[in-house]
Number of protein chains: 2
Amino acid sequence: MKKYLEILKKCPLFRGIAEDNLLRMLTCLGARVTAFDKKYTIFAEGTPARHIGIVLSGSAQMIQVDYYGNRSILAEVVPSEIFGEAFACAESRNLPISVIATEPCEVMLIECSHILHTCQNNCGFHQALIFNLMKDLATKNILFHQRIEITAKRSTREKLLAYLVLQAKNAGCDSFEIPFDRQELADYLEVDRSGLSAEISKMRKEGILDSRKNHFTLL
Amino acid sequence: MKKYLEILKKCPLFRGIAEDNLLRMLTCLGARVTAFDKKYTIFAEGTPARHIGIVLSGSAQMIQVDYYGNRSILAEVVPSEIFGEAFACAESRNLPISVIATEPCEVMLIECSHILHTCQNNCGFHQALIFNLMKDLATKNILFHQRIEITAKRSTREKLLAYLVLQAKNAGCDSFEIPFDRQELADYLEVDRSGLSAEISKMRKEGILDSRKNHFTLL
DNA sequence: GGATTTCTGTTGAATTTTCAACAAACGGAG
DNA sequence: CTCCGTTTGTTGAAAATTCAACAGAAATCC
């Protein structure tokens, strides 16, 4: 576990927890690390939601796929970030979403009941973890608001612009990388891929933005 | 406060808390009750996010309004439900949304810092409240997933059907009321109102559903 | 390094949505 | 009961999205 310490220290679940205590805590929580190949399904829709995942390396996406196979990407998860916590904490029966690896990745899995319910050893850190979980869930909530604000727009152009402006703001710079290829961006914005490509070309011609692969610049 | 006890007991924030303790707790938290007229803005976008609201009577909506005045309805809030907790808990600077009364309503307002940070009296209930807040935030998260699953559909008909099927499931019956008028439903589904009306008529003619005002029946 | 697969941009046609405008239905106030 | 403002349904035209198909570019695999 030791080699993951730097990543784990940045994880919102462990904020404010001393490094010395972290390793012991992980043992008590029964944390285990699993590696997944690219495209592997880490959590499958319809399966019980018991674990919280922490990305240690690589990256993953939370996705929903409907009847007709339309995919929508709910979020991108990168190292030190958590996923699955909402379902595990709400003790919902089955996952309504899937989490898939977008690159080979290592994930730490923790059974959520080990966090929520005080253990036999009577460790004192459960309260801190629950507080951190609450903060994390509140933050995720706000991220969903942002996503809805973007996808609520009625046209491809407006959605794209709203998304790019937000990314620029997060990056603190008008030139930045996005974590999606074209199809993924379309699945995040809930629009047609070819229409999105066309719109990007059009905006480039109009001098609104510049793009090269997944690097964008707002002009 | 006493007359609100029945509503408050059902509030997820106070789950598991003995009735005897509730009133004392509210005093310690500095809870106050405010009445709002219909259409009144309870929380305004852009203002600091410090309070959690609990609806005691009437109802309210969380809404976002963009540049061009397009409204989207994020959620309907009814008695015993909480609003604003995500922003208050995440200690976000300013509200990205507004909450407006859809009927005359009474709301209990609690400053979130009073919940999150232990008070001088050293009350023992903060941990319980934080745990309840965490559960609530996890549940809200899942509700957002459901909303995204609905609005991610590409056509008005699919959105409407996904919404109605979910409502039927929640009601446990194929015949149910929805909390929206047509314009509000359109703003929730992120579609055009007239197109929505047309689609409903069409589906009625096709024998897929029946509707009378905001009462729907799936056939 | 070459072959193969995946990704991206383009196009035109078909389908849908949006928009604007209006009339009927409804509900509340006086 | 009547008036008046709001809500709902309808319509047609304009605009936009989706869909399918393809070709070139890029990345991956052996």
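Lettering of chains follows the sequences in order, A, B, ..., and the numbering in each one begins at 1.
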5'-most contact on DNA chain D (nearest-nucleotide basis), R154(A) vs R212(A), goes to R154(A)

By nearest-heavy-atom nucleotide on DNA chain D, the more 5' of E190(A) and K213(A) is E190(A)

CD on E45(A) to CG on L95(A), rounded to 0.5 Å:
8.5 Å

Expressed in angstrom and rounded to an integer, what is the separation of [X] atom [atom1] from [N] atom [atom2]?
{"X": "L196(A)", "N": "dT10(C)", "atom1": "CG", "atom2": "P", "result": "12 Å"}
{"X": "E158(B)", "N": "dT17(D)", "atom1": "CD", "atom2": "C1'", "result": "14 Å"}
{"X": "L160(A)", "N": "dA16(D)", "atom1": "CG", "atom2": "P", "result": "15 Å"}
{"X": "F180(B)", "N": "dT7(D)", "atom1": "CZ", "atom2": "P", "result": "15 Å"}
{"X": "N214(A)", "N": "dG9(C)", "atom1": "CG", "atom2": "P", "result": "11 Å"}
{"X": "Q183(B)", "N": "dT8(D)", "atom1": "CD", "atom2": "C1'", "result": "11 Å"}
{"X": "L189(A)", "N": "dT18(D)", "atom1": "CG", "atom2": "P", "result": "11 Å"}
{"X": "K202(B)", "N": "dT15(C)", "atom1": "NZ", "atom2": "C1'", "result": "10 Å"}

Under 4.0 Å between any heavy atoms, over every strand shown, what does [X] touch: base, sugar-phosphate, or nothing? Just pick one.
{"X": "S194(A)", "value": "base"}
{"X": "D181(A)", "value": "sugar-phosphate"}
{"X": "S155(B)", "value": "sugar-phosphate"}

What's the closest nucleotide to the side chain of R193(B) if the choices are dT18(D), dT10(D), dG9(C)?
dT10(D)

Ring geometry between H145(A) and F87(B) (parallel below 30°, tilted from 30 to 60°, perpendicular above 60°)
tilted

Does any non-hydrogen side-chain atom of L56(A) lie less than 4.5 Å from one of V107(A)?
no

Heavy atoms of other groups near R204(B) CZ, more than 12 under 6.0 Å:
yes

Does any N or O in the side chain of T41(B) come within less than 3.5 Å of the main-chain N or O of A44(B), such that one atom is a donor and the other an acceptor?
no

Is any side-chain N or O of T156(A) closer than 4.0 Å to OP1 or OP2 of dT17(D)?
yes

Under 4.0 Å between a side-chain N/O of R182(B) and OP1 or OP2 of dG9(D), yes or no?
yes

